[in-house]
A.B. asks: 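One structure, pasted below without further comment.
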Amino acid sequence: MRTQVGILGAGPAGLLLAHLLRLKGIESVIIERKTREEIEGTIKAGVLEQWLVDLLNETGVGQRLMQEGVFHHGIELRFNERSHRVNCHELTGGKNITVYAQHEVIIDLVAAKMRADGNIVFNAGDVTLNGLETDSPAIRYRNDQTGGFDEVRCEVIAGCDGFHGPSRSYIPNREEYLKVYKYGWLGILCDAPPSSPELVYANHERGFSLLSTRGPEVQRLYIQVDPQDDIDNWSDDRIWTELHARLETRDGFQLNEGPIFQKSIFQMRSFVCATMQYGRLFIAGDAAHTVPPTGAKGLNLAARDIVKLARGITEYYQKGKKELLDRYSALCLRDVWRSEHFSYFMTTMLHRHQEDTPLEREFQLAQLELIASTRAAAASLAENYVGLPLDW
Ligand code: FAD
Ligand code: DHB
């Protein structure tokens, strides 16, 4: 098979790239390890920044998002059993966040690619990349139908294969940064109407918790746990007891309970591979960087890389110039470090660990008090949370 751009991974990054390139008349083939059912059913992120919602709408894939997404003007920070609203809408001159599940974005983008040309290979095994230093690199994979190996020969390869994918390992002498947190999140989905009109981020002696939503009948909730803990140690009763304790307020907040139909534990890390390109390979999204989820930045940051990569590839095909592609890593890193820092800031301000000293606890409260009490601190959080403009 021959194409212009070979894309490894049908996550939000790979699918959005294929979509933006197609609008510019550039062909692509996506090679994905999992089945369509798996990628369309995996529960992950939920919060989209304003510019991304605008982009999905402007490029013709925002119809379901506008019908089913939940638009929020602000968030709540909860500490010392009191709630403080950050009015993002007012503090940012009218921007909002939208709660719309990542797998719904994936469903919309897979449908767009299938309508356009159907060029997604699912269930591809044993992927290798070849010829990255040449003008015609290739993605080789085992075809699940035939059991034999196939190859997509292309001109550019986009490594959009997530944190555990192989593409990053093809970049020699990478500059990398890593911090692994001592805490993880246990996330649940349950059948219950939202307990709060907006997302609640709670700092509590027993650990962090987050109340989010997936529409009028489903809640998404998270609690900080030991990342090594086994999910079998967490009965539904234990989860609800912890959530009630951590979300409690002095004025009697009521948490709606309902049957839990999904639960899992995951590890959190801050990771940056600052060398995001090698020859004809460009890596994007979680393949190049991951953030702890506390600021809801991962998917949004992946999309920021993709906008830059799509601009670079478009300039290459339409004008025969490689200036933007040559500067791809440098162009991405400003946004990467901004989102990395914001996610670290939110995470360390809101989580508790037994090794924390009383001094660190007071630092957290001092920071939360500042945000709750001053417009400047609240505005800084709000601007980062709704997302800085694309070319800030
Ligand atoms: P991925 O989504 O990881 O996609 C990579 C794709 O590549 C996958 O489909 C994978 O199967 C495929 N792949 C991997 N290896 C291979 C291979 N060898 N061959 C072929 N294909 C391969 N972000 C937000 O912005 N907002 C949030 O609210 C938010 N909340 C989150 C909550 C949770 C619980 C989690 C876990 C994450 C959250 N994130 C959030 C982060 C967000 O989900 C990720 O940053 C996002 O999925 C990154 O997209 P991606 O396309 O780069 O990578
Ligand atoms: C959700 C996830 C996040 O990481 C976050 O900060 C807010 C909401 C969610 O899945 O709804």
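All of these numbers come straight from a predicted model, not from anything done at the bench. Below, all heavy atoms of this structure are taken into account, side chains as well, without hydrogens, waters or symmetry copies. When a ligand or atom number is given, it counts from 1 through the structure's own listing order.
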A.B. asks: Please answer whether the main-chain N or O of His351 pairs with a side-chain N or O of Gln364 as donor and acceptor at a distance below 3.5 Å.
C.D. replies: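 Such a contact is found between Gln364 side chain and His351 backbone.
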A.B. asks: Hey, which atoms in ligand 1 end up nearer than 4.0 Å to a heavy atom of Gly162?
C.D. replies: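 Reading through ligand 1 atom by atom, the close ones are 3 (O), 5 (C), 53 (O).
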A.B. asks: What atoms in ligand 1 come closer than 4.0 Å to a heavy atom of Tyr222?
C.D. replies: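 Checking each atom against Tyr222, I get 32 (C), 34 (C).
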A.B. asks: Does Arg238 offer a backbone N or O that forms a donor-acceptor pair with the side chain of Ser235 under 3.5 Å?
C.D. replies: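 Judged by distance alone, yes, a pair lies under 3.5 Å.
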A.B. asks: Looking at His353 and Tyr183, would you say the former's side chain and the latter's main chain have a donor-acceptor pair under 3.5 Å?
C.D. replies: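 No: the side chain of His353 does not pair with the backbone of Tyr183.
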A.B. asks: Just which atoms of ligand 1 are under 4.0 Å from any heavy atom in Gly11?
C.D. replies: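 Atoms satisfying the 4.0 Å criterion: 4 (O), 6 (C), 9 (O), 51 (O).
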A.B. asks: Could you tell me whether some N/O pair between Phe163 and ligand 1 is separated by less than 3.5 angstrom?
C.D. replies: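 No: no nitrogen or oxygen of Phe163 is under 3.5 Å from one in ligand 1.
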A.B. asks: Would you mind listing every side-chain hydrogen bond (donor to acceptor under 3.5 Å, both in side chains) that reaches into residues 371-391, with sequence neighbours excluded?
C.D. replies: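 Qualifying pairs, neighbours excluded: Glu90-Arg375, Tyr201-Tyr385, Arg311-Asp391, Arg338-Asn384.
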A.B. asks: Charged N to carboxylate O below 4.0 Å: is that the case for Glu315 and Lys319?
C.D. replies: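 No salt bridge links Glu315 with Lys319.
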A.B. asks: Using heavy atoms and a 4.0 Å limit, tell me yes or no: is Arg220 in contact with ligand 1?
C.D. replies: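 Yes, that is the case, since the closest heavy atom of the residue is under 4.0 Å from the ligand.
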A.B. asks: Under a 3.5 Å cutoff, is there a donor and acceptor pairing between the side chains of Asp335 and Trp392?
C.D. replies: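 Trp392 and Asp335 do have a side-chain donor-acceptor pair below 3.5 Å.
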A.B. asks: Which atoms of ligand 1 sit under 4.0 Å from any heavy atom of Lys44?
C.D. replies: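 The list of qualifying atoms is 1 (P), 2 (O), 3 (O), 32 (C), 43 (O), 47 (O).
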A.B. asks: Report yes or no: does Tyr141 have a heavy atom closer than 4.0 Å to ligand 1?
C.D. replies: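 Tyr141: no contact with ligand 1 (<4.0 Å).
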A.B. asks: Give a yes or no answer on whether the side chain of Glu257 reaches the backbone of Trp240 with a donor-acceptor pair at less than 3.5 Å.
C.D. replies: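 Such a contact is absent between Glu257 side chain and Trp240 backbone.
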A.B. asks: Please identify which atoms of ligand 1 are closer than 4.0 Å to at least one heavy atom of Val127.
C.D. replies: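 So the atoms of ligand 1 that pass are 19 (N).
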A.B. asks: Can you tell me which residue and heavy atom of the protein come closest to atom 40 (C) of ligand 1, and the distance to 0.1 Å?
C.D. replies: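 Going atom by atom, the protein heavy atom closest to atom 40 (C) of ligand 1 ends up being Ala45 CB, 3.0 Å.
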A.B. asks: Has Gly187 got any heavy atom lying under 4.0 angstrom from an atom of ligand 1?
C.D. replies: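 Gly187: no contact with ligand 1 (<4.0 Å).
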A.B. asks: Under 6.0 Å between the ring centres of His84 and Phe79?
C.D. replies: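 Yes, ring centres under 6.0 Å apart.
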A.B. asks: Check each atom of ligand 1 against the heavy atoms of Ile39 and keep those under 4.0 Å away; list them by number with element.
C.D. replies: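 Result: 9 (O).
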A.B. asks: Any idea which part of Ala124 is under 4.0 Å from ligand 1, heavy-atom wise: side chain, backbone, both or neither?
C.D. replies: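 For Ala124, there is no contact with ligand 1 at all, from either part.
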A.B. asks: Taking atom 49 (O) of ligand 1 as the point of reference, which of Gly14, Gly285, Pro12 owns the nearest heavy atom?
C.D. replies: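 Looking at heavy atoms only, the winner is Pro12.
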A.B. asks: Can you tell me which portion of Leu8 lies within the under-4.0 Å heavy-atom range of ligand 1? Options are side chain, backbone, both, or neither.
C.D. replies: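 Within the 4.0 Å criterion, Leu8 contacts ligand 1 through side-chain atoms alone.
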A.B. asks: State whether the side chain of Gln219 and the backbone N or O of Ser195 hold a donor-acceptor pair below 3.5 Å, judged by distance alone.
C.D. replies: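 Yes: the side chain of Gln219 pairs with the backbone of Ser195.
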A.B. asks: Tell me which one of Lys34, His103, Gln102, His289 gets a heavy atom nearest to atom 47 (O) of ligand 1.
C.D. replies: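 Nearest heavy atom to atom 47 (O) of ligand 1 lies in Gln102.
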A.B. asks: For ligand 1, which atoms have a heavy atom of Cys160 less than 4.0 angstrom away?
C.D. replies: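 With Cys160 as reference, the close atoms of ligand 1 come out as 5 (C), 6 (C), 7 (O).
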A.B. asks: I want to know if ligand 1 touches Ala287 in the polar sense, i.e. an N/O pair below 3.5 angstrom.
C.D. replies: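 So ligand 1 has no N or O lying under 3.5 Å from an N or O of Ala287.
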A.B. asks: Please confirm whether the backbone N or O of Phe149 pairs with a side-chain atom of Arg140, one donor and one acceptor, at under 3.5 Å?
C.D. replies: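 Here the side-chain-to-backbone pair does not exist.
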A.B. asks: Find all atoms of ligand 1 within a distance of less than 4.0 Å from any non-hydrogen atom belonging to Phe266, and give their numbers and elements.
C.D. replies: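 This gives 33 (C), 34 (C) as the contact atoms.
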A.B. asks: When you measure from the side chain of Asn80 to the backbone of Arg82, do you find a donor-acceptor pair of N or O atoms at a distance under 3.5 Å?
C.D. replies: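 No; zero donor-acceptor contacts below 3.5 Å.
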A.B. asks: Contacts table for ligand 2: protein N or O within a distance under 3.5 Å of ligand N or O, distances only.
C.D. replies:
unit_1, atom_1, unit_2, atom_2, d
ligand 2, 4 (O), Pro293, O, 2.6
ligand 2, 6 (O), Tyr201, OH, 2.6
ligand 2, 6 (O), Pro293, O, 3.1
ligand 2, 6 (O), Thr294, O, 3.4
ligand 2, 6 (O), Ala296, N, 3.4
ligand 2, 10 (O), Arg214, NH2, 2.7
ligand 2, 10 (O), Tyr222, OH, 2.6
ligand 2, 11 (O), Ser212, OG, 2.6
ligand 2, 11 (O), Arg214, NH1, 2.8
ligand 2, 11 (O), Arg214, NH2, 3.4

A.B. asks: If you measure from the Lys or Arg side-chain nitrogens to the Asp or Glu carboxylate oxygens, is any gap between Arg361 and Glu205 under 4.0 Å?
C.D. replies: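 Salt bridge present between Arg361 and Glu205.
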A.B. asks: Are Lys263 and Asp236 ion-paired here, with the side-chain N under 4.0 Å from a carboxylate O?
C.D. replies: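 Yes.
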A.B. asks: Given Gly125, Ala296, Ser343, which one has a non-hydrogen atom that is nearest to atom 26 (N) of ligand 1?
C.D. replies: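 Going through Gly125, Ala296, Ser343 one by one, Ala296 has the nearest heavy atom to atom 26 (N) of ligand 1.
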A.B. asks: Is there a polar contact, in the sense of an N or O pair closer than 3.5 Å, between Ala13 and ligand 1?
C.D. replies: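 N/O-N/O distance under 3.5 Å: yes.
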A.B. asks: Is there a donor-acceptor contact under 3.5 Å from the side chain of Asp161 to the main chain of Gly9?
C.D. replies: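 Such a contact is absent between Asp161 side chain and Gly9 backbone.
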A.B. asks: Should the heavy atoms of other residues, nucleotides or ligands under 6.0 Å from CD of Gln254 be counted, would the total exceed 12?
C.D. replies: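 Count not over threshold, so no.
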A.B. asks: Charged N to carboxylate O under 4.0 angstrom, Asp117 versus Arg22?
C.D. replies: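 Result for this pair is no, no salt bridge flagged.
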